[in-house]
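Report on one structure; see the data block that follows.
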Protein chains: 2
Amino acid sequence: MNIQFKKGVLELCVLALLTKKNRYGYDLVNEISKNIEISEGTIYPLLRRLKNVGWVTTYLQESREGAPRKYYKLTQSGQKVTEEMKADWEDFVEKVNGLLSGGDMNE
Amino acid sequence: MNIQFKKGVLELCVLALLTKKNRYGYDLVNEISKNIEISEGTIYPLLRRLKNVGWVTTYLQESREGAPRKYYKLTQSGQKVTEEMKADWEDFVEKVNGLLSGGDMNE
DNA sequence: AATTAGTATCTTGCATTATAATATACTATG
DNA sequence: CATAGTATATTATAATGCAAGATACTAATT
């Protein structure tokens, strides 16, 4: 799988998953890994960035199975950004596919 | 437009356009710019990489309108890589969309 | 009790790629 | 001769994914 394809898109994937329910980092790795390869060294810095820009908040919760889990919850601005980013992504894919299939849509 | 979305995909766009016909850098910038913002500072290093890994060859051609044009032509390995990369991209988009819409396709 | 495996978070250093800014140079037009 | 359009190229910077490694807790096995 082309690593470069993931740039920026993983952020959107994380945000999109958080619109469904709050999740912790390890859980997000497992969930996303079902579709796309992702490592923990990617997700934790990413989650930290999301928190730094105010798109998520966090809270700790104990677990019977291991270390305490840090849950991530979307903020209002995070929800807004997610919608915008999703629209950007769909637009982008459409334009790329235009280049790939037609070569040129205006010729 | 999210810059990160472009990572790796511009390379595919360039390669895909070259499957149709040989083009020079400035022409590629204009062509791709119809769909996706791209600058010259992006395309020339990219084209150099494509040449370094042997996916394209180049030849110069004079022009009545300005400096001589450096045309890029896909090699056999470049054609093969383009097909593979295109398939990767389609697979990737499908998986991302799975995450974005369903949240989880196996739950 | 000690070891192992699974769960969970985090940091560091590295590689890749897009871009702005800048430089160069040729042609045509005013 | 200055300007605009065409055309190629380089440099320094920013963003992001990842391997590798560290830490720590729980549960099961030895």
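Reminder, nothing fancy here: chain letters follow the sequence lines and each chain counts from 1.
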- For B/Ala67 and A/Lys7, take the nucleotide of DNA chain C holding the closest heavy atom to each; which residue's nucleotide lies nearer the 5' end? A/Lys7
Roughly how many Å is it from [atom1] in [X] to [atom2] in [N], rounded to a whole number?
X: B/Leu47; N: D/dA7; atom1: CG; atom2: P; answer: 14 Å
X: A/Glu65; N: D/dA27; atom1: CD; atom2: C1'; answer: 10 Å
X: B/Tyr44; N: C/dT24; atom1: OH; atom2: C1'; answer: 12 Å
X: B/Tyr59; N: D/dT8; atom1: OH; atom2: P; answer: 12 Å
X: A/Asn52; N: C/dC10; atom1: CG; atom2: P; answer: 12 Å
X: B/Phe5; N: C/dT17; atom1: CZ; atom2: C1'; answer: 16 Å

Go through [options] for me and flag the one nearest to the [X] side chain.
X: B/Arg49; options: C/dA18, D/dT16, C/dT7; result: C/dA18
X: B/Thr42; options: C/dA18, D/dT10, D/dG17; result: C/dA18
X: B/Tyr26; options: D/dA27, D/dT6, D/dA9; result: D/dT6
X: B/Gln4; options: D/dA15, C/dA18, C/dT7; result: D/dA15
X: B/Ser39; options: C/dA8, C/dA20, D/dA27; result: C/dA20
X: B/Arg48; options: C/dT7, C/dA18, D/dT10; result: D/dT10
X: B/Tyr24; options: D/dC18, D/dT8, C/dC10; result: D/dT8

- Minimum heavy-atom distance between B/Cys13 and A/Leu100, given as atom pair plus value: CA-CD2, 4.2 Å
- Would you kindly compare B/Lys70 and A/Pro45 by the position of their nearest DNA chain D nucleotide and give the one closer to the 5′ end? B/Lys70
- Contacts of B/Asn2 and B/Asp27 projected onto DNA chain D by closest heavy atom; the upstream (5') one is B/Asp27
- Query: Taking the inter-plane angle between the rings of A/Phe92 and B/Phe5 on a 0 to 90° scale, is it parallel (under 30°), tilted (30 to 60°) or perpendicular (over 60°)?
  - Reply: tilted
- Query: Quick one: does B/Thr58's side chain have a donor or acceptor within less than 3.5 Å of a partner on B/Lys70's backbone?
  - Reply: no
- Does CD in B/Glu37 sit with more than 12 non-hydrogen atoms of other residues, nucleotides or ligands closer than 6.0 Å? no
